[in-house]
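These numbers come from a predicted model, not from an experiment. Start at 1 with the first residue, then count along the sequence.
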Amino acid sequence: MNEDNLKNILATTASICSVLQFLSGTVTCQKIVRNKSTGESSSFPFVSGCLSTSLWLRYGFLIQDTSIILVNTIGVSLFVSYVVVFFLYSLKKLHVLRQFLCSLLFLVFVLMKIHQTEELQVAHSFLGRVCMMVTILFFAAPFATIIHVIKVKNTDSLPYHMIVSTFIVCLQWMIYGVLLQDTFVQIPNFLGCILSGIQLSFFVIYPSKTSTKSHSSTII
């Protein structure tokens, strides 16, 4: 298998896995609509998802990569719809609106900076660094829950399937970045692999009490 074939296969599988990962937000939205309330859920993952996918979409156009453009076009559409659902059912509408407007202002600032930059290489470097920063923050966000996990010695509060999917998606995009020889794709996804791998290790250190109880019940 030559490098081009491998690149095409990785681009396809990584894109499919990324879209499936984005679609996991529909589960949360269905729960919100059913309960007619956002409960204790935070709007930050959805708002940061909007910002991250929007930036990567612009980066895809900048380097003219079809896979990055396609997956992030779908991502932007989904995350915007998630934010709308969250806003409609949230009791803290002003807080959600403030988060979204701050992200939008940051996005507009970055896009204007790119538009005003005449040299393509400078624009590529600037946008690549911004994308890396936002993506790393997005991947690191779940670590706020880790403190709680260590305190209670229980991983029930961690979304196991989402963390596994993040690890797989990051691994695929990291390899794709290596084939593209693009460090801005490689680095955040390499760190994403490490961060999600650390989170997965907690499932070994502190097994879920819920799954342990259900397993014991099955044996009895």
Side-chain angles (χ1 to χ4, degrees), residues 6-32 39-53 56 67-68 70-72 74-79 81-82 86 131-132 134-180 185-218:
L6 181 59
K7 190 186 293 183
N8 290 333
I9 291 170
L10 270 173
T12 303
T13 56
S15 297
I16 292 170
C17 289
S18 294
V19 171
L20 290 173
Q21 186 185 29
F22 293 155
L23 284 169
S24 65
T26 57
V27 178
T28 304
C29 286
Q30 284 175 346
K31 185 180 177 183
I32 288 171
E40 296 299 318
S41 300
S42 170
S43 59
F44 179 73
F46 292 155
V47 174
S48 60
C50 277
L51 179 60
S52 179
T53 50
W56 279 111
S67 297
I68 294 177
L70 178 62
V71 74
N72 287 289
I74 296 171
V76 170
S77 304
L78 287 171
F79 278 109
S81 64
Y82 296 157
F86 202 98
C131 286
M132 277 201 311
V134 173
T135 305
I136 291 167
L137 287 173
F138 181 70
F139 288 144
F143 271 85
T145 311
I146 294 296
I147 298 170
H148 174 72
V149 169
I150 295 172
K151 279 183 180 178
V152 299
K153 301 186 188 309
N154 181 11
T155 53
D156 284 341
S157 58
L158 286 177
Y160 175 76
H161 297 290
M162 187 177 289
I163 295 170
V164 171
S165 65
T166 299
F167 180 80
I168 295 170
V169 169
C170 286
L171 183 62
Q172 289 177 314
W173 282 115
M174 182 187 73
I175 298 171
Y176 185 66
V178 171
L179 294 175
L180 283 180
V185 178
Q186 294 170 28
I187 293 174
N189 286 291
F190 171 69
L191 291 173
C193 282
I194 292 175
L195 293 172
S196 53
I198 292 171
Q199 291 172 59
L200 285 173
S201 70
F202 280 93
F203 287 93
V204 178
I205 300 169
Y206 305 122
S208 173
K209 291 179 182 178
T210 303
S211 61
T212 305
K213 284 178 183 177
S214 68
H215 179 65
S216 300
S217 301
T218 306

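Residue F22 forms a side chain to side chain contact (heavy atoms under 4.5 Å, CB included) with just one option from V76, V71, V169, and that option is V71.
Counting heavy atoms from C-beta outward, W56 and P188 have side chains that approach closer than 4.5 Å.
Minimum heavy-atom separation, G192 to S196: O-OG, 2.7 Å. In this structure, I187 and M132 approach most closely via the heavy-atom pair CB-SD, 3.6 Å. Minimum heavy-atom separation, G177 to Q186: O-NE2, 3.0 Å.
Separation of atoms CG (N8) and OG1 (T13) is listed at 10.5 Å; rounding is to 0.5 Å. Put simply, CG on L200 and CD1 on I205 are 11.0 Å apart, with the number rounded to the nearest 0.5 Å. Rounded to the nearest 0.5 Å, atoms SG (C193) and CD1 (I175) are 8.0 Å apart. Considering CD1 of I194 and CZ of F167, their distance stands at 10.0 Å, rounded to 0.5 Å. In this structure, the separation between CD1 on I9 and CD on Q172 is 11.5 Å, given to the nearest 0.5 Å. We find the CE-CZ distance between M174 and F190 to be 7.0 Å, quoted to the nearest 0.5 Å.
A donor-acceptor contact shorter than 3.5 Å is absent between the side chain of Y176 and the backbone of V185. Under the 3.5 Å distance criterion, the side-chain polar atoms of T53 are matched with a main-chain donor or acceptor of G49.
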Could you please spell out the steps behind the side chain to side chain contact (heavy atoms under 4.5 Å, CB included) verdict for S52 and F79? CA-CA 10 Å; S52 179; F79 278 109; over 6 Å; no

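The aromatic rings of F46 and F86 stand perpendicular to each other, their planes meeting at an angle above 60°, with 30° marking the opposite boundary.
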